Amino acid sequence: MGGIGKTALAVETAHQACARDWFRGGTLFVDLRGYDDDPVTADQAVLALLDALGVRGPDLPASAVRQYDAYRRLLAERPHRMLLILDNASDPAQYLPLLPGTDRHRVLITSRDRPDSLTGVRLIDLETLPPDDSAALITRALHDADDRDDRPSREPAALRELTSLCGHLPLALQIAAAMLRRRRTRGIASLVTEIRQAGDAMATLDNGTRGTDQYGRSLVLRPVLETSYRRLPPDRARLLRLLSLAPSAETGTEAVAALADLDTEAALSLLEDLAAACLVTPVRADEGPDGGVRWRLHDLVRVFGVGVVAGDVGWVEEGEAARGRVLDFYYAWADAADDWLRWFPGRGMPGRFGGRAEALRWLDGERAGLVAAVGWAEREPFADTAVRLAACLGEYLDWRRYFDDWVVVGRAAVEAAHRFGERTDEAIAWDHLGGALQGAGRVVEAIEALTRARDLHQAAGDRRREAFVWNNLGLALRRAGRVEEAIEAHTRALDLHRAARNRHREAIAWDNLGLALREAGRVAEAIEAHTRARDLYHAVGDRLREARAWHGLGLALWAAGRVAKAVEGYGRALEGYREFEDWYRAGQVLHNLAALHEDAGRPAEARTCWLQAAGAYAQAGDTAEADRARTRTEEQQ
């Protein structure tokens, strides 16, 4: 990619190689200026190389053919190995005639384009710098200018944020360092604030520096990207523009195809071309319906693309249509994935994915894009689809415990539905937001959100959805310690579901009612409620929720002092959670089993369960719970 530091790396490598006496014959360097308006041709470059080798004036052959012959003869006659650096090549025609024709010498070529069609060329792709190296680059640049400059050590957090805003791109980092050197009386945080307020790192950096690098090149970002963009054929340039409008910086092939209104193969071919031009980066995923490859657009390329689109009315309209297509795509796929997460035997088999695991992998891969796409709900053309997309993500975000993302999604859906007067959608969105807030531990806000959802459904006379909300409200009330109100809420949900003869939802209500009854000390009633829930889940074939009922039953049986039966209940719950890879709840069961063994004076069994709980929590991504479980393990030793 332009600005990645190819020339700097090549030159530094050459210096180190020469210091190690690898090239006693010396080095030759030619800047081919491949991305300028007037690039250097091979015929022009060979003249410079001959001049460096001492052939000039009357000794210079008259024709190009003889000049190349002389050049290769001189290299062949050199007694010692040489290094030839051909910098900034945009076309193999610039450098192929310059290759020495002997394997004694070595050639290092830098380019923004991968010469995939050539053989005998070793390709080394350069990525952006790791965060620590980005911070070190700016720190060293400041210390080289003034070894008393202690801003990096005084403002480590601001330095980290600045490197992130620069996208860890060496050219952008150099520009930022140059700006900081000039504004030596101001802190690093002042530049971070300036970039944040502008909302465009590229514009801030380009407008804030007037320096040049060690090669005499201007320290500016936009022209570097413009030269790469201008060289693209129209179809690739169009895809790059549209890709800059994608909801996240990393997108799957199928989503890119929807964005560009292309079939998958055509999109894949163009993406590979953009990758060869170092404008997108292919990222290997574990697995997935699009072959396991995702496509990452560097933040600064993304900003550049957005700016290009904004400058043309036709491209703005094309971009809006592309956003609509990708949002429709996300909704269709997320809806299908959600069906798989809620599916159990006896129901119609969902389509599009091969199973629950594949649906989860797709959701994991596209999570950033899905969450960002819901944010488009504030724009009227996308509001309806974005609100429906938000509703499809609740089960997944709850399953993976991405509660912060769920809150963001929920709030965007609520605001959009309210703004555009969709009262049913608004009620559903309040319900989902309540679940997200509850998962995030913000119980008071959750109760308020769920109360709004209930009131809206009651006003609309929608008893079915009102029952859903009563159930969720009961969960939030119980977590807030308002157990009697929780029992009343779950009872209301139970009555409504029974009246509608919805056995599956009735089972959910019984299960949650059992949890509230146990906390109220009504243990016998809790055992009965969980038993009813378990039997109903079993009857309808929902094995995952049957495991949850066994879990609740185990808790109630333990509270009743029926330890052996409680252990049996936990064991059945653990089987179900492991079958569905619900590792967080598996961790909870193991946590409860460990506590039960501790209470029964069985420290060895308790330690085993704490260890297993730590493993399950770690698989679920809950490092805090995993650490707590490991601490309890150590206490058992």
Side-chain angles (χ1 to χ4, degrees), residues 1-36 38-127 170 214-215 217 228 231 272-273 275-278 281-282:
M1 171 182 173
I4 204 75
K6 298 181 292 296
T7 301
L9 180 60
V11 171
E12 174 62 18
T13 301
H15 279 300
Q16 292 193 22
C18 290
R20 297 178 189 182
D21 205 25
W22 288 0
F23 297 102
R24 294 184 180 182
T27 60
L28 296 170
F29 179 97
V30 179
D31 182 359
L32 297 173
R33 299 200 304 271
Y35 301 91
D36 290 1
D38 186 21
V40 173
T41 66
D43 289 355
Q44 292 170 326
V46 77
L47 293 176
L49 290 167
L50 285 170
D51 183 77
L53 291 167
V55 179
R56 57 182 73 91
D59 296 329
L60 186 68
S63 69
V65 172
R66 291 186 178 277
Q67 290 164 7
Y68 284 114
D69 288 342
Y71 164 69
R72 293 192 184 95
R73 185 179 63 254
L74 285 169
L75 291 180
E77 292 172 352
R78 302 286 283 199
H80 299 294
R81 173 180 288 183
M82 296 189 70
L83 173 64
L84 173 60
I85 299 177
L86 303 175
D87 185 47
N88 216 15
S90 62
D91 191 312
Q94 286 183 287
Y95 58 78
L96 285 177
L98 304 177
L99 299 183
T102 171
D103 63 0
R104 180 186 309 156
H105 306 301
R106 293 290 176 264
V107 183
L108 186 56
I109 304 164
T110 73
S111 179
R112 300 180 199 176
D113 295 278
R114 290 176 58 93
D116 292 317
S117 61
L118 300 182
T119 58
V121 177
R122 180 185 176 192
L123 302 178
I124 302 173
D125 289 322
L126 300 187
E127 300 287 345
Q214 63 266 47
Y215 311 107
R217 299 169 181 169
S228 293
R231 288 174 51 84
E272 289 169 341
D273 290 340
C278 297
T281 303

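Computed from a prediction, not measured in an experiment: that's the story for all the values here. Numbering of residues begins at 1 and proceeds along the displayed sequence.
- For Asp91, the salt bridge (Lys or Arg N to Asp or Glu O under 4.0 Å) criterion is met by no residue, not counting sequence neighbours.
- Residue Gln44 forms a side-chain contact (heavy atoms from CB on, under 4.5 Å) with just one option from Thr41, Leu47, Val46, and that option is Thr41.
- Contact detail for Pro39 and Gln94: the closest heavy-atom pair is CB-NE2, 3.7 Å.
- Residues that satisfy the side chain to side chain contact (heavy atoms under 4.5 Å, CB included) test with Glu127, not counting sequence neighbours, are Thr281.
- Rounding to the nearest 0.5 Å places CG of Leu53 at 11.0 Å from CD of Glu77.
- For the pair Thr27/Cys18, a side-chain contact is recorded, criterion being any heavy-atom separation below 4.5 Å from C-beta on.
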Exercise for the section: Check the pair Leu9 / Val11 against side chain to side chain contact (heavy atoms under 4.5 Å, CB included), numbers first and verdict last. Expected result: CA-CA 6 Å; Leu9 180 60; Val11 171; over 6 Å; no
Evaluate the side chain to side chain contact (heavy atoms under 4.5 Å, CB included) criterion for residues Lys6 and Leu126: first the C-alpha distance (whole Å), next the side-chain angles of each, then the deciding distance (0.1 Å), finally the verdict. CA-CA 8 Å; Lys6 298 181 292 296; Leu126 300 187; 3.9 Å; yes
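- Asp125 meets the salt bridge (Lys or Arg N to Asp or Glu O under 4.0 Å) test with Arg114; sequence neighbours excluded.
- With sequence neighbours excluded, the residues satisfying side chain to side chain contact (heavy atoms under 4.5 Å, CB included) with Ala52 are Leu28.
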Give every donor-acceptor pair under 3.5 Å between a side-chain atom in residues 105-112 and any protein atom, sequence neighbours left out.
residue : atom : partner : partner atom : Å
His105  : ND1  : Met82   : N            : 2.9
His105  : NE2  : Leu75   : O            : 2.7
Arg106  : NH1  : Asp103  : O            : 2.7
Thr110  : OG1  : Asp87   : OD1          : 2.5
Thr110  : OG1  : Asn88   : N            : 2.7
Ser111  : OG   : Tyr35   : OH           : 3.2
Ser111  : OG   : Ala89   : O            : 2.5
Ser111  : OG   : Asp113  : N            : 3.0
Ser111  : OG   : Asp113  : O            : 3.2
Arg112  : NH1  : Val224  : O            : 2.8
Arg112  : NH1  : Thr227  : OG1          : 2.8
Arg112  : NH1  : Ser228  : OG           : 2.8

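- Annotation: salt bridge (Lys or Arg N to Asp or Glu O under 4.0 Å) contacts of Arg24 (sequence neighbours excluded): Asp21.
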Inset, instruction - Apply side chain to side chain contact (heavy atoms under 4.5 Å, CB included) to the pair Leu50 and Leu60, showing each step before the final yes or no. - result: CA-CA 8 Å; Leu50 285 170; Leu60 186 68; 3.8 Å; yes
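- Taking CG of Leu49 as the start and CG of Leu74 as the end, the distance is 10.5 Å to the nearest 0.5 Å.
- Scored by the side chain to side chain contact (heavy atoms under 4.5 Å, CB included) test, Pro61 finds Val55, Arg66, Gln67, Ala70 as partners (sequence neighbours excluded).
- Contact record, Ala10 with Ile85: O-CD1, 4.0 Å, taken as the closest heavy-atom pair.
- A side-chain donor-acceptor contact under 3.5 Å links Arg81 to the backbone of Arg104.
- Not counting sequence neighbours, the partners of Leu96 by the side chain to side chain contact (heavy atoms under 4.5 Å, CB included) test are Pro92, Leu99, Leu118.
- Residues satisfying the side chain to side chain donor-acceptor pair (under 3.5 Å) criterion with Asp43, sequence neighbours excluded, are Tyr68.
- Going from atom OH of Tyr71 over to atom CG of Leu98 covers 5.5 Å, rounded to the nearest 0.5 Å.
- For the salt bridge (Lys or Arg N to Asp or Glu O under 4.0 Å) condition, the pairs that include at least one residue of residues 44-65, sequence neighbours left out, are Asp51-Arg56.
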